[in-house]
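Report on the structure given below.
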Amino acid sequence: MNLAKSISHFCLIFKGDFDTMNISKKEFEMNLLTVINEKVSAAFKAAGFDDAQTLVRAADRPDLADYQANGALALAKSQHQNPREVAEKISEELKKDSFFSEVSVAGPGFINMKIKDEELTKLAAQILTQEKAGYERADKPQTVVLDYCGPNVGKVLHVGHLRSGNIGDAVRRIMTFAGDKTIGDAHLGDWGRPMGLVLTELQHRWPDMPYFKPDYTGDDGYQIPFTLADVVEAYPIASAKAKEDEAYMEQAKQYTRELQEGKKNLRDLWKKFVDLTKADTQDLMQQLNVHLDLWWGESTVNDRCVKMIESLKQSGMAELDEGAWIIRQEGDTPPLILVNSAGASMYAASDMATIEAREEEFKPDAIIYFTDARQGLHFSQVFASAKKAGICPENVKLEYQPFGSVNGADNKPYKTRDGGVPTLRFLIDSAVQKARTKMDAGEIGRDLTDAEKDEISHTVGVAALKFMDLMNDKVKNYIFDEERMVSTEGKTGPYLLYAMVRMKSVLEKLGEPKDDTLILTNPAERKLLLNLYTFPENVQIAYDNRAPHVIADYLYKLCQDFNLFYHDCPIKDADETTKNSRLNLVAYTLKVALICADMLGLKVPNKM
RNA sequence: GCGCCUGUAGCUCAGCUGGAUAGAGUGUCGCCCUCCGAAGGCGAAGGUCGUGAGUUCGAAUCUCGCCAGGCGCGCCA
């Protein structure tokens, strides 16, 4: 994504023409970018350029400027004028504004602006004290359903669920912060042939369960003899047996059908192992601080799915081809298969029915899917078909947000040392264990009790795991380096947590600031303050691109700037004014950092 | 064969909806604790942005070709 473009998009609504927008000027002076953009926009007008984009953004050459405007370049191009002359004219107007200490034209026509320290410090109390630290929603808030996590009954959660849950939840948090109404749905895989297979295998192993007695009426108080581990083990075994043993396969098919028809004994048993999966998933997601609002599954839309397929057949949208019911696609795209030639409905049908259910229940503006990058074709078929069939209204946006795979050092999908697929529980446990080892070996945390160490190492370990997963552009594969993950050096979860713990610690030990006066006496303070002001733009870019890594990157830079400030600017022994000012900076930084951490679903301990 | 994604420092990655001298981290080398948390900070070295054209005043960024890697292509999810 392009920073400049995203910011300019963000700026588009601020044309300096507040009256026509029926919004008070005050409300728009909510962050530094909009303040400057208003000034530059006014200068454009005064110089005779009315409708041009100002293209204001934080300078990418901090040695030359605080903010820059690239609008003169674009303007000169469209009007066939000399860009430097255009920039000079605008810059002459800007120089009249006492807000800036320096305005100059550089290179082909960049307008560079430096802001007076007093202006910069004065704005802090107006901007950084706001609940959202200057972030202002540009367009109308939306209702959005987000589909992530995606656990499957009978299968153990693995690294793919880590990505789906982490990324989906982070995007949900970002959207929620931005003002959207969000609904996170786990989309449980709890239907179809796998369920029949599990039922069959459970019967083989525990034939005495009441569910299989001919006179079954209910399972009140019955304690199931199997655990989640048994269910997870049962599925692949059943799957293998079914391929060999025809009778076994027939039994599984029959159970699948009877389950879907609602036969009570099977439904009751099915519910037992679905609940086991759900409880396990809930536990893991809670450990990861991934929030879900909804636990709809494929079973939730079963009845709807049956009706939908019938109606698609009636309308001619679906056609029979080689024994299967399909929906033809545009161009070379292969058809979507609704019902296979054996008469079983496919997951594409279930996904379409789920869209219909979500539309009916929530009337969302958008539905966003977080699944791995291999499902692109599937979703393009489902989306196109849902639109074509009128299941999804035209104005509802269906969005597929793919993510790359997690690879080992060999750049092949990540495996444990024994070659197995690492479970999510294993990943969490080993991250926590590593954090604990680090804590026990280090000088830090000596004064903590064992219980505190347990809790903090869990927080740190999970943050390490999550941050590693969120710090890169989600569409790319990344290499899982378990040692680097828990390192406190460099761009890691523990580094961020450490910086934030320091901020908390400073405020706790030296007290909160007495008033909101801010003074700048050191370059590190100025750098940190300027960075705090760019929070709104970063949120906007992250929002527009559904890109948690933009927040991750911003938080990292904020912590770097803070650590430099912390190192260069002593607080305890400074004079009262300086001390108070620096405490203000710490408080502002902590506030913004905690918002960012929350967007990423990172918990921040008080000590570590 | 068709389609999607990726290729930037030794390594791991930002930047990619066109702008200045392409940024971090890590690794290597050097420096900084009498001080609010050194799980920290500072500095040095390190790049034909896969490749070749094109568009443009200006290309890592846009277009096209090529090369390399990953993934997907009707009855699993």
Side-chain angles (χ1 to χ4, degrees), chain A residues 1-6 8-9 55 59-61 63-64 68 70 73-74 76-77 82-83 106-110 112 150 152 155 189 192-194 239 298 321-326 331-342 344 346-348 350-351 371-378 380-381 402 404-405 407 409 411-413 438-439 442-445 460 471-473 475-479 481 484 486-492 494-495 497-499 501-502 505-510 544-545 549-550 552-553 556-557 560 563-564 566-568 570-574 579 582 586 607-608:
Chain A
M1 70 225 57
N2 180 298
L3 191 81
K5 195 75 176 212
S6 272
S8 70
H9 164 76
L55 301 179
D60 51 26
R61 289 285 304 271
D63 51 324
L64 301 178
Q68 67 185 71
N70 293 0
L73 288 161
K77 189 174 189 171
N82 183 321
F110 303 106
N112 283 337
N152 291 307
K155 292 182 192 162
R193 178 74 52 78
S239 192
E298 294 171 305
D321 190 80
E322 294 174 35
W325 286 94
I326 62 162
D332 293 336
T333 311
L336 171 148
I337 298 182
L338 276 176
V339 180
N340 68 14
S341 50
M346 302 281 93
Y347 84 131
S350 159
D351 276 355
T371 62
D372 75 84
R374 290 175 299 192
Q375 301 204 41
L377 178 60
H378 165 71
S380 71
Q381 291 170 328
S405 61
N407 293 345
N411 212 19
K412 294 262 187 329
K438 212 117 185 155
M439 186 175 266
E443 298 279 301
I444 299 300
V460 174
M471 66 189 267
N472 300 132
D473 187 356
V475 78
K476 294 185 182 177
N477 299 344
Y478 75 91
I479 294 183
D481 183 339
R484 221 188 84 65
V486 292
S487 167
T488 52
E489 290 166 22
K491 195 172 178 179
T492 67
Y495 174 92
L497 258 43
Y498 178 69
V501 165
R502 262 180 158 177
S505 174
V506 167
L507 291 175
E508 193 194 323
K509 286 180 180 155
L510 304 182
D544 288 344
N545 297 288
H549 83 276
V550 170
D553 201 50
Y556 174 60
K557 283 179 181 144
Q560 274 185 312
N563 276 335
L564 175 60
Y566 178 84
H567 184 267
D568 285 0
I571 301 172
K572 194 175 71 178
D573 299 325
K579 181 177 173 181
R582 287 178 177 171
V586 177
K607 35 187 180 175
M608 63 186 275

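Convention: sequence-line order gives letters A, B, ...; per-chain numbering from 1.
- When the nucleotides B/G37, B/A39, B/A14 are ranked by their closest atom to the side chain of A/D553, B/A14 comes out on top.
- The P atoms of B/U63 and B/G19 are separated by 14 Å, rounded to the nearest whole Å.
- Within the shown strands, nothing qualifies as a pairing partner of B/C35 under the Watson-Crick or G-U definition with both distances less than 3.5 Å.
- The nucleotide B/G43 finds its pairing partner in B/C29, both defining distances of the Watson-Crick or G-U wobble pair being shorter than 3.5 Å.
- Between the P atom of B/U17 and the CG atom of A/N545 lies a distance of 9 Å, rounded to the nearest Å.
- Figure legend. B/A9 is base-paired to no nucleotide; pairs are counted as Watson-Crick or G-U wobble with both atom distances under 3.5 Å.
- With sequence neighbours left out, A/K557 forms a salt bridge (Lys or Arg N to Asp or Glu O under 4.0 Å) with A/D553.
- In terms of the ring pair (Phe, Tyr, Trp, His ring centres under 6.0 Å) criterion, A/Y478 has no residue partners (sequence neighbours excluded).
- If you check B/G1 for Watson-Crick or wobble pairing at under 3.5 angstrom, you find it paired to B/C73.
- Remark: B/A60 base-pairs with no nucleotide; criterion is Watson-Crick or G-U wobble with both hydrogen-bond distances under 3.5 Å.
- In this structure, A/E489 reaches the sugar-phosphate backbone alone: every heavy-atom distance under 4.0 Å involves primed, P, OP1 or OP2 atoms, never a base.
- Mapped onto RNA chain B by nearest heavy atom, A/L564 and A/N411 fall at different nucleotides, with A/L564 at the one closer to the 5' end.
- With values rounded to the nearest 0.5 angstrom, A/H378 atom NE2 is found 7.5 Å from A/T371 atom OG1.
- Atom NZ of A/K77 and atom C1' of B/G19 are 10 Å apart (whole Å).
- The CG atom of A/D63 sits 12 Å away from the P atom of B/A20 (whole-angstrom rounding).
- For B/G74, the base adopts the syn conformation, since its glycosidic angle falls within 90 degrees of zero.
- Residue-level contact check: A/N82 touches neither bases nor backbone, having no heavy atom under 4.0 Å from any strand.
- Phosphate proximity of B/A39 to A/S487: absent, as no side-chain N or O sits under 4.0 Å from OP1 or OP2.
- Under the 3.5 Å distance criterion, the side-chain polar atoms of A/S405 are left unmatched by any main-chain donor or acceptor of A/N407.
- Across all strands, A/D481 comes closer than 4.0 Å to no nucleic acid atom at all (heavy-atom distances).
- Although no hydrogens or angles enter the test, the distance criterion places a donor-acceptor pair under 3.5 Å between the side chain of A/Q68 and the main chain of A/D60.
- Between A/Q381 atom CD and B/C4 atom P there is a gap of 14 Å when expressed in whole angstrom units.
- Look at A/Y556 and the base of B/A24; the rings do not stack under the cut-offs of 5.5 Å between centres and 30° between planes.
- Partners of A/D568 by salt bridge (Lys or Arg N to Asp or Glu O under 4.0 Å), not counting sequence neighbours: none found.
- Separating the OH atom of A/Y495 from the C1' atom of B/A24 is a distance of 11 Å, rounded to the nearest angstrom.
- If you take atom C1' in B/A20 and the same atom in B/C64, they sit 29 Å apart, rounded to whole Å.
- Using a 4.0 Å cut-off, no side-chain N or O of A/Q560 falls inside it from OP1 or OP2 of B/G40.
- Along RNA chain B, the nucleotide nearest A/A59 and the nucleotide nearest A/S505 are compared for position; the residue whose nucleotide lies closer to the 5' end is A/A59.
- Phosphate proximity of B/G41 to A/N563: present, with a side-chain N or O under 4.0 Å from OP1 or OP2.
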Along nucleotides 71-77 of chain B, 5' to 3', which nucleotides get a B, which get an S, and which get a -, given that the test is a protein heavy-atom distance under 4.0 Å?
-> SSSBBSB

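- Atom CG in A/L497 sits about 13 Å away from atom P in B/G40, given to the nearest Å.
- Base contact: A/Y566 has a heavy atom under 4.0 Å from a base atom.
- Spacing between atom CG of A/N407 and atom C1' of B/C13 amounts to 14 Å, rounded to whole angstrom units.
- Spacing of P atoms, B/G54 relative to B/U61, comes out at 14 Å, to the nearest Å.
- Residue contacts for A/G107: at a heavy-atom cut-off of 4.0 Å it reaches no nucleic acid atom on any strand shown.
- Of the candidate nucleotides B/G19, B/A39, B/G40, B/A39 has the atom nearest to the side chain of A/M439.
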Please table the atom pairs, donor to acceptor, closer than 3.5 Å between any side-chain atom in residues 334-341 of chain A and protein atoms at least two apart or in another chain.
| unit_1 | atom_1 | unit_2 | atom_2 | d |
| --- | --- | --- | --- | --- |
| A/N340 | OD1 | A/A342 | N | 3.0 |
| A/N340 | OD1 | A/G343 | N | 3.0 |
| A/N340 | OD1 | A/A344 | N | 2.9 |

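- In A/K579, the NZ atom is crowded: over 12 heavy atoms of neighbouring residues, nucleotides or ligands sit closer than 6.0 Å.
- Atom-to-atom distance recorded for A/K572:NZ and A/L510:CG is 7.5 Å, nearest 0.5 angstrom.
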Between the protein and nucleotides 5-12 of chain B, which nitrogen or oxygen pairs are less than 3.5 angstrom apart?
| unit_1 | atom_1 | unit_2 | atom_2 | d |
| --- | --- | --- | --- | --- |
| B/G7 | OP1 | A/K476 | NZ | 3.0 |

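- Under the Watson-Crick and G-U wobble criteria, each requiring two contacts below 3.5 Å, nucleotide B/A14 is left unpaired.
- The side chain of A/K607 contributes no N or O atom lying less than 4.0 Å from OP1 or OP2 of B/G37.
- Side-chain N/O atoms of A/N112 and base N/O atoms of B/A20 include a donor-acceptor pair closer than 3.5 Å.
- An OP1 or OP2 oxygen of B/A38 is reached within less than 4.0 angstrom by a side-chain nitrogen or oxygen of A/R502.
- In this structure, A/H567 places its NE2 atom 11 Å from P of B/G43, rounding to the nearest Å.
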